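So you know, we letter chains A, B, ... as the sequences are listed, proteins then strands, and number each from 1. In what follows, every heavy atom counts, from backbone to side chain, and hydrogens, waters and symmetry copies are set aside. This structure is a prediction, so every number in the text was calculated from the model and none was measured.
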Amino acid sequence: MHALVGDAVRKACSELFSVELAEGQLQLQKTRKEFEGDITVVVFPLTKLSKLSPEATGEALGKFLTEQVAHVSKFNVVKGFLNLSMSAEFWKGFFAAALKQDDFGFASPNSAPHVMVEYSSPNTNKPLHLGHLRNNFLGYSVSEILKAVGHRVTKVQIINDRGIHICKSMVAWKNYGNGETPESSGLKGDKLVGKYYVEFDKAHKAQMKALIKQGMTEEQAAQQTAIMQEAQEMLRLWEARDEATIELWTKMNGWVYDGFASTYKSMGVDFDKLYYESNTYINGKEEVEKGLAAGAFFQKEDGSIWIDLTDEGLDQKALLRKDGTAMYITQDIGTAILRFRDFPDLAYQIYTVGNEQEYHFKVLFMILKKLGFEKADQCYHLSYGMVELPEGKMKSREGTVVDADDLMEEMATVAQEVSAEQGKLEGLPEAERNQLFHIIGTAALKYFLLRVDPKKNMLFDPKESIDFNGNTGPSVQYTYVRTQAIQRRYAEAHPGFNPKEANSEGHTLSTAESEVVAKMYEWPAVLRMAATTYNPADIAHYSYDLAKLYNAFYQDHQIVKETDEQARNFRLALTYKTGVVIREAMRLLGISMPDRM
RNA sequence: GGCCCCGUAGUUCAAUGGAUAGAAUAGAAGUUUCCUAAACUUUUGAUAUGGGUUCGAUUCCCGUCGGGGCUACCA
């Protein structure tokens, strides 16, 4: 429609005003719903060419377009806006074509370049929390959206399994754990390890207090506590491959992975390949050595290796410690290069990481460039905002962290309560019901987190449970369930009915019907936009809009009971296709559709 | 201190420089002898502030005020 009208307006301008439109002078937008029409030409930019008032220019264009262009049936001019209406045949023709196209809106698989999407990337010393949920849902959804527009996608995560943080948990477990295991305690593995991370912090704080009393400054004390020294010693032992340390490390990380696996399963996300920092940090060290030899980096007297980014307006940045051990950024250098080596056809990679690390990635990409890495420009930081609580940022020390498992479970409970209130699902076996509650609960959560522009910070209030009414996941699910229920009902009396084949040639579309069709028409463009901006929120909003229009249509149209065969066939087809588009759109958000609820 | 991001109905979110700033929720008023009311209909209510650019600014530029983040030989 845009292309059709765009070309026509260009032609009109050259014939009416004898000028060629420059890029940017042609402005087309969807007509606002207060006005009559489907597509609007913004006339202001054209007045300079036409040398007429905005109104007169609009009238002239409108007259030309309705007379000369097929499918443009009517026009009206309001101020400087030319509203064009497409003909009924245009909408019916579009719907008939879309109906038969099972992959309507989607590009064919592997028709676009191979991309890698990194997300999740947890530390292995504590359980996943609300921030990880936004990260995982976003990364998973962006991957699905990229696949939908034809990319081959490899989903990965880098597991931060190495470093002082895990050593802290290890020391605390060794000192205070009495051999406790997930089996003996009944705790999920990641929760158990997280518990000892907190234990470490407690002991460390207590020891600091004592040292400060003896006259040390806070900074000194933080370095000097016995337990901190022990953790640092453990890190040294780990890098030296000390057998007992590696054994403990392997065991505790194993517990964490078991815990994560169950959380990921509950979230409905997965990965094609895992990278472990404990492997990639070695590559990073090698790359840093190479860079030093090539003169990209420099070494300080104490032996530490740095990069000078002051020319770029940034600071100097350490890349390797004086004792030669790797830092966070060291392994990131190695990982980036390793990934392109693992997948030679990789066009680019996307890092789904919070916006507090924007500086880190800016520096990382600059380092890669200085190293002469040819794919340095093919790395993109998909930066997303934090999830804030009413009292501000989540802080594990203050116990204000919202745990991922707890939250998902709570959402399922709310789903159960809502369902019970309305007396639904009573005949269903318990296992099936619980599965439904999980599907509905996670839908509410995913939609809540994905409907917001990823770049923006957002607020979550744990005291107010996430809504199930209005612009929410369950509400969209409900509409889908409605489309399925109607089709089931019709099939009872008419087995073998195929909405794709049913004849509705003679049916004239009502306003509500054509609004649903017009919204459906937008789907391919919405999907492309979401893919180019890495923004699942576009898809969430679209799904809700479509569901809302369908519900309005449903409200005052008979479907199964409609006596006119052509009208009934059309409405059944519309119901079928709306269901398909909603299901596919929500699938791209990682939200699955129940058959009933 | 320096750098970056954000201030939109009571609240949570929308709005490629375009029309009368949209939704949801909360508040008010309605709709179930008819395919599931997690729905539908009506209604109240907002661009922090002062300038500038523009035919036109929530959007772009500058200042002020407010909020957040980064600025480790932590990850």
Engineer: Which is true for A:I559 with a 4.0 Å heavy-atom rule: it touches a base, it touches only sugar-phosphate, or it touches nothing?
Structural biologist: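 Base contact - A:I559 has a heavy atom under 4.0 Å of at least one base atom.
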
Engineer: Looking only at side-chain atoms of A:R162, point me to the closest of B:C34, B:A75, B:A38.
Structural biologist: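 Closest nucleotide among those given: B:A75.
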
Engineer: Quote, to the nearest angstrom, the C1' distance that separates B:G68 from B:G52.
Structural biologist: 28 Å

Engineer: Specify the residue among A:Q27 and A:H541 whose closest nucleotide of RNA chain B lies further upstream toward the 5′ end.
Structural biologist: A:H541

Engineer: If the cut-off is 4.0 Å, is A:K548 near the phosphate of B:A24, judged by side-chain N/O to OP1 or OP2?
Structural biologist: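 For B:A24, OP1 or OP2 has a side-chain N or O of A:K548 closer than 4.0 Å.
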
Engineer: Could you tell me if A:R482 sits above the aromatic ring of A:Y550, with its cationic atom closer than 6.0 Å to the ring centre and no more than 45 degrees from the axis?
Structural biologist: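 Judged by the rule (NZ or CZ under 6.0 Å from the ring centre, within 45° of its axis), A:R482 is not positioned above A:Y550.
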
Engineer: If the glycosidic angle sits within 90 degrees of zero it is syn, else anti. Tell me which applies to B:U32.
Structural biologist: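 Syn.
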
Engineer: Using only side-chain N and O atoms of A:R32, determine if any of them is under 4.0 Å from OP1 or OP2 of B:A19.
Structural biologist: yes

Engineer: Looking only at the aromatic ring of each residue, does the gap between the centers of A:F44 and A:F81 stay below 6.0 angstrom?
Structural biologist: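 Here the rings of A:F44 and A:F81 have centres that are less than 6.0 Å from each other.
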
Engineer: Expressed in whole Å, how much space separates the C1' atoms belonging to B:U53 and B:U20?
Structural biologist: 25 Å

Engineer: Name the nucleic acid region contacted by A:K79, choosing base, sugar-phosphate or nothing; use a 4.0 angstrom heavy-atom cut-off, strictly under.
Structural biologist: sugar-phosphate

Engineer: Aromatic contact between A:F361 and A:F365, with the criterion being ring centroids under 6.0 Å apart: yes or no?
Structural biologist: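 So the answer is yes for these two rings.
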
Engineer: From the list B:U12, B:G68, B:C40, which nucleotide is the closest neighbour of the side chain of A:R451?
Structural biologist: B:U12

Engineer: When the C1' atoms of B:A19 and B:A57 are compared, how many Å lie between them, rounded to an integer?
Structural biologist: 14 Å

Engineer: Ring stacking, A:F44 with base of B:G56, under 5.5 Å and under 30°?
Structural biologist: no

Engineer: Across all strands, who's sitting opposite B:C40 as a Watson-Crick or G-U wobble pair, both distances under 3.5 Å?
Structural biologist: B:G30

Engineer: Examine B:U16: is either OP1 or OP2 under 4.0 Å from a nitrogen or oxygen in the side chain of A:K30? Give yes or no.
Structural biologist: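 For B:U16, neither OP1 nor OP2 has a side-chain N or O of A:K30 closer than 4.0 Å.
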
Engineer: Side-chain N or O of A:Q555 versus OP1/OP2 of B:A39: is the shortest distance under 4.0 Å?
Structural biologist: no

Engineer: Quick one: is B:C74 close enough that its OP1 or OP2 comes under 4.0 Å of any side-chain N or O from A:K168?
Structural biologist: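 So the side chain of A:K168 is outside the cut-off, no N or O lying under 4.0 Å from OP1 or OP2 of B:C74.
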
Engineer: State the pairing partner of B:C65; accept Watson-Crick or G-U wobble contacts with both distances under 3.5 Å, and report none otherwise.
Structural biologist: B:G7

Engineer: Does a distance-only test, which skips hydrogens and angles, find a donor-acceptor pair under 3.5 Å between the side chain of A:T479 and the base of B:A38?
Structural biologist: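 No.
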
Engineer: From B:A38, B:C35, B:A19, pick the nucleotide closest to the side chain of A:Y554?
Structural biologist: B:C35

Engineer: Could you state the CG-P distance from A:L314 to B:C70, rounded to the nearest angstrom?
Structural biologist: 16 Å

Engineer: Looking only at side-chain atoms of A:R482, point me to the closest of B:U20, B:A39, B:C40.
Structural biologist: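 Looking only at heavy atoms from C-beta outward on A:R482, the closest nucleotide is B:A39.
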
Engineer: Distance check, C1' atoms only: B:U12 and B:U71, in whole angstrom units.
Structural biologist: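 Taking atom C1' in both B:U12 and B:U71, they lie 32 Å apart.
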
Engineer: At 4.0 Å (heavy atoms only), tell me whether A:M458 reaches a base, stays on the sugar-phosphate, or touches nothing.
Structural biologist: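 The residue A:M458 makes sugar-phosphate contact but no base contact.
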
Engineer: Tell me which nucleotide among B:A14, B:C74, B:C70 gets nearest to the side chain of A:Y359.
Structural biologist: B:C70

Engineer: Against the six-membered ring of A:W306, is A:K300 placed for a cation-pi contact (under 6.0 Å from the centre, within 45° of the normal)?
Structural biologist: yes

Engineer: Would A:R162 pass as a cation-pi partner of A:Y281, given that its NZ or CZ must be under 6.0 Å from the six-membered ring centre and within 45 degrees of the axis?
Structural biologist: yes

Engineer: Start at the 5' end of RNA chain B and walk down; is the nucleotide closest to A:K33 or to A:S304 reached first?
Structural biologist: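 Closest to the 5' end, via its nearest nucleotide, is A:K33.
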
Engineer: Would you mind reading off the distance between A:Q357 atom CD and B:C74 atom P, rounded to a whole angstrom?
Structural biologist: 15 Å

Engineer: Which nucleotide in the list B:A37, B:C74, B:G68 gets nearest to the side chain of A:E388?
Structural biologist: B:G68

Engineer: Grab the OH-C1' distance between A:Y281 and B:A75 for me, whole Å please.
Structural biologist: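 Taking OH of A:Y281 and C1' of B:A75, I get 16 Å after rounding.
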
Engineer: On the nucleotide B:U25, are OP1 or OP2 found under 4.0 Å from the side-chain N or O atoms that A:N469 carries?
Structural biologist: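 No, outside the criterion.
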
Engineer: So that I can tick it off, tell me whether A:E239 and A:R321 are bridged by a salt bridge, with the cut-off set at under 4.0 angstrom between side-chain N and carboxylate O.
Structural biologist: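 Salt bridge between A:R321 and A:E239, a charged N being under 4.0 Å from a carboxylate O: no.
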
Engineer: Between B:U59 and B:A15, how many Å separate the two P atoms, rounded to a whole number?
Structural biologist: 14 Å

Engineer: Pairing donors with acceptors under 3.5 angstrom, does anything connect the side chains of A:S169 and A:N125?
Structural biologist: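 Looking only at side-chain atoms, A:N125 and A:S169 do not form any donor-acceptor pair under 3.5 Å.
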
Engineer: Looking for any heavy atom pair under 4.0 Å, which part of the strands does A:R488 touch: base, sugar-phosphate only, or nothing?
Structural biologist: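 Counting heavy atoms under 4.0 Å across all strands, no contact is made by A:R488.
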
Engineer: Looking at A:E513 and A:R571, does any basic side-chain N land under 4.0 Å from a carboxylate oxygen?
Structural biologist: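 Yes, A:E513 and A:R571 are salt-bridged.
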
Engineer: State yes or no: are the ring centers of A:H360 and A:Y328 separated by less than 6.0 Å?
Structural biologist: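 Between A:H360 and A:Y328, the centre distance is under 6.0 Å.
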
Engineer: Under 4.0 Å between any heavy atoms, over every strand shown, what does A:I440 touch: base, sugar-phosphate, or nothing? Just pick one.
Structural biologist: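 Result for A:I440 = base.
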
Engineer: Quick one: look up who B:U20 pairs with, Watson-Crick or G-U, both distances under 3.5 Å, and put none if it's unpaired.
Structural biologist: none

Engineer: Select base, sugar-phosphate, or nothing to describe what A:N83 touches, counting heavy atoms under 4.0 Å on all strands.
Structural biologist: base

Engineer: Can you tell which of B:G18, B:C70, B:A38 lies closest to the side chain of A:K393?
Structural biologist: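 From the listed options, B:C70 comes nearest.
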
Engineer: Starting from C1' on B:A72, measure out to CD on A:Q316 and report it in whole angstrom.
Structural biologist: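 Distance, rounded to whole Å: 14 Å.
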
Engineer: Between B:G18, B:U25, B:C13, spot the one nearest the side chain of A:V452, thanks.
Structural biologist: B:C13

Engineer: How many whole angstroms separate atom CG of A:L52 from atom P of B:C55?
Structural biologist: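 Whole-Å distance recorded here is 18 Å.
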
Engineer: What nucleotide, of B:C74, B:G68, B:C34, holds the atom closest to the side chain of A:R321?
Structural biologist: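 Closest nucleotide to the A:R321 side chain: B:C74.
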
Engineer: Does the ring of A:F81 lie flat against the base of B:G18, closer than 5.5 Å centre to centre with planes under 30°?
Structural biologist: no

Engineer: By the 4.0 Å heavy-atom rule, please label A:D453 as base, sugar-phosphate, or nothing.
Structural biologist: sugar-phosphate

Engineer: Calculate the interatomic distance between A:I466 atom CD1 and B:A24 atom C1'; express it in whole Å.
Structural biologist: 14 Å

Engineer: Given the P atoms of B:U49 and B:A38, what is the spacing between them in whole Å?
Structural biologist: 41 Å

Engineer: Taking B:C60 as the reference, what is the distance to B:G18 when you measure between their P atoms (whole Å, please)?
Structural biologist: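 One P to the other, the span is 11 Å.
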
Engineer: OP1 or OP2 of B:A39 versus the side-chain N and O atoms of A:S475: is any pair under 4.0 Å?
Structural biologist: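 For B:A39, OP1 or OP2 has a side-chain N or O of A:S475 closer than 4.0 Å.
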
Engineer: Expressed as a whole number of angstroms, how long is the span from A:D538:CG to B:G22:P?
Structural biologist: 20 Å

Engineer: Taking the side chain of A:R489 as heavy atoms from C-beta outward, which of B:U12, B:C35, B:A38 is closest to it?
Structural biologist: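 Of the options given, the side chain of A:R489 lies nearest B:C35.
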
Engineer: Between A:Y380 and A:Y534, does the ring centre distance come in under 6.0 Å?
Structural biologist: yes

Engineer: Starting at CD of A:E356 and ending at P of B:C3, how long is that distance when rounded to a whole Å?
Structural biologist: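 About 21 Å, once rounded to whole Å.
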
Engineer: May I ask you to evaluate whether A:K424 reaches the phosphate of B:A38, defined as a side-chain N or O under 4.0 Å from OP1 or OP2?
Structural biologist: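 Yes, A:K424 has a side-chain N/O under 4.0 Å of OP1/OP2 on B:A38.
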
Engineer: Would you indicate what A:F35 reaches in the nucleic acid, counting non-hydrogen atoms under 4.0 angstrom: base, sugar-phosphate, or nothing?
Structural biologist: base

Engineer: Work out how far the C1' atom of B:C13 is from that of B:U47, and round it to whole angstrom.
Structural biologist: 14 Å

Engineer: How is A:D315 classified with respect to the nucleic acid when contacts are heavy atoms under 4.0 Å: base, sugar-phosphate, or nothing?
Structural biologist: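 Result for A:D315 = sugar-phosphate.
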
Engineer: Looking at B:A72, which nucleotide sits across from it as a Watson-Crick or G-U wobble partner, both distances under 3.5 angstrom, or is there none?
Structural biologist: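 Pairing partner, where one exists within any strand: none, as none qualifies.
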
